[in-house]
Amino acid sequence: MKKILLFCDPGIDDSVAIMYSLLDPEIELVGIVTSYGNLTMEQATANAAYLLQLAGKTDIPVIRGASKPVQEEAITIYPGIHGPDGLGPIEIPEEFQYQIYPFDTIRYLIEKYKDELIIVDTGRSTTLATVFILYPDQVKMVNSYYVMGGAFFVPGNATALAEANFYGDPTSSNFIVKTAHNLTITPLNATQKAILTQDIIDAVSKNKNNVFAPLMDPIFKYYYEFYKKSVPGIPGAPFHDLLTVMVVKNPSLVDYIHYDATVIESSEAKGMSYIDYRPTSKKGKTKIAVNLRYEEFVKEFNKVMLQE
Ligand code: RIB
Ligand code: CA
């Protein structure tokens, strides 16, 4: 059983990562920490809590994280990709209420699960960096870290050079890639290939055993509309954060290179990630996913979401 504490900004692909984590019998989601990113921290929190309520898992703590990055006052959010409230066209009922746990719950969860705990971060790095600063002894107890972010010598998505999570708070991202032990990064190199298509979504939508089935088609269509415009000819939409969670349980879905990464903090290259890839450079400890076994990815998605 993989015990995951998920840092995220749901957001459509974060939301599907949450759904997958809740439905996979081999994953135990022990908490969700929400931050600004795709949308505001407040909206991301409501969305995470809403998904938990749909799944009848309101016992899983929801913890509010950062509402802005360290370098900037204002945040940029992305309703054009994720919808006005972050779940495509779906609106959470106005009367929806939920409980928020204090930030220190993160320390409690790490101390409870120690080296069984896996931290996955599919949002901006600000909150996780804060955890490293606040709880330096506890973060060493964690088994491993998985971070969705970066684009290594492939085009970015926030800028020509930078991927959105690393662009959002490059100082915190650089701190995390330099500090977290047992770190796996899933950059755009792999996640841009983690494409779900309409036929895959149709099958999940028809599955009466999946509590999230009614959400799948509207959120997919919304998300895909954006990708059709930004990547002409793309056959579906890439679910970056879903792949990042999947890799925890299925490491062989992707190929890795082993290098230590750097994220550029300022200048025109802000948020750009790189490794020293020269033939004689020293290999590092970080695992960076660079390729995806696509058929295996779809098979695994269907196994969990169709409950096959
Ligand atoms: O670049 C992809 C990442 O940015 C994903 O985590 C997505 O949710 C967005 O935040
Ligand atoms: Ca995300």
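Both ligands and their constituent atoms are indexed starting at 1 by order of listing. Computed from a predicted structure; not experimentally measured.
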Atom indices of ligand 1, in the order listed, that fall short of 4.0 Å to a heavy atom of [X]:
| X | answer |
| --- | --- |
| Asn157 | 1 (O), 2 (C) |
| Ala164 | 1 (O), 4 (O) |
| Met148 | 2 (C), 3 (C), 5 (C), 6 (O) |
| Asp14 | 8 (O) |

query: Can you find an N or O of Arg124 that's nearer than 3.5 Å to an N or O of ligand 1?
result: yes
- prompt: Does Asn165 reach ligand 1 with a nitrogen or oxygen that is under 3.5 Å from one of the ligand's nitrogen or oxygen atoms?
  reply: yes
Output side-chain donor-acceptor pairs under 3.5 Å for residues 124-134, partner residues at least two apart or in another chain, one line each.
from   : atom 1 : to     : atom 2 : distance (Å)
Arg124 : NH1    : Asn165 : OD1    : 2.7
Ser125 : OG     : Ser173 : OG     : 2.7
Thr126 : OG1    : Tyr36  : OH     : 2.7
Thr126 : OG1    : Asp169 : OD2    : 2.7
Thr127 : OG1    : Ser35  : OG     : 2.4
Thr127 : OG1    : Ala66  : N      : 2.9
Thr130 : OG1    : Thr126 : O      : 2.7

- prompt: With Glu42, which residues qualify under salt bridge (Lys or Arg N to Asp or Glu O under 4.0 Å), at least two apart?
  reply: none
- line: Ignoring waters, protein N/O/S atoms under 3.0 Å from the Ca ion (ligand 2) are Asp9 OD1, Asp14 OD1, Asp14 OD2, Thr122 O, Asp241 OD2
Name the atoms and distances for all side-chain donor-acceptor pairs under 3.5 Å in residues 191-200, with sequence neighbours left out.
from   : atom 1 : to     : atom 2 : distance (Å)
Thr191 : OG1    : Pro187 : O      : 3.3
Thr191 : OG1    : His240 : ND1    : 2.7
Lys193 : NZ     : Asn189 : O      : 3.3
Lys193 : NZ     : Asn291 : OD1    : 3.2
Thr197 : OG1    : Asp199 : OD1    : 2.5
Gln198 : NE2    : Asp202 : OD1    : 2.8
Gln198 : NE2    : Asp217 : OD1    : 2.8

- request: Identify the two heavy atoms, one from Ser281 and one from Tyr259, that lie closest to each other, and give their separation to 0.1 Å.
  value: OG-CE2, 3.6 Å
- prompt: Taking the six-membered ring where the residue is Trp, are the ring centres of Tyr98 and Tyr50 under 6.0 Å apart?
  reply: no
task: Please test Lys68 against Glu72 for salt bridge (charged side-chain N to carboxylate O under 4.0 Å, His left out), starting from the C-alpha separation and ending with a verdict.
output: CA-CA 7 Å; Lys68 67 177 238 3; Glu72 286 167 46; over 6 Å; no
Looking at [X], I want to see if its [atom1] is surrounded by more than 12 non-hydrogen atoms of other residues, nucleotides or ligands under 6.0 Å.
| X | atom1 | answer |
| --- | --- | --- |
| Glu91 | CD | no |
| Tyr274 | OH | no |
| Lys283 | NZ | yes |

- prompt: If you measure from each non-hydrogen atom of Asp9 to ligand 1, which part falls under 4.0 Å: side chain, backbone, both or neither?
  reply: side chain
Give me the residue, atom name and distance of the protein heavy atom closest to [atom].
| atom | answer |
| --- | --- |
| atom 10 (O) of ligand 1 | Asn38 OD1, 2.8 Å |
| atom 1 (O) of ligand 1 | Glu163 OE2, 2.4 Å |
| atom 8 (O) of ligand 1 | Asp13 OD1, 2.6 Å |
| atom 6 (O) of ligand 1 | Asp241 OD1, 2.6 Å |

query: Salt bridge or not for Glu300 and Lys249, using N-O below 4.0 Å?
result: yes
- prompt: Could you walk me through whether Tyr101 and Tyr108 pass the ring pair (Phe, Tyr, Trp, His ring centres under 6.0 Å) check?
  reply: CA-CA 11 Å; Tyr101 284 66; Tyr108 165 81; 9.3 Å; no
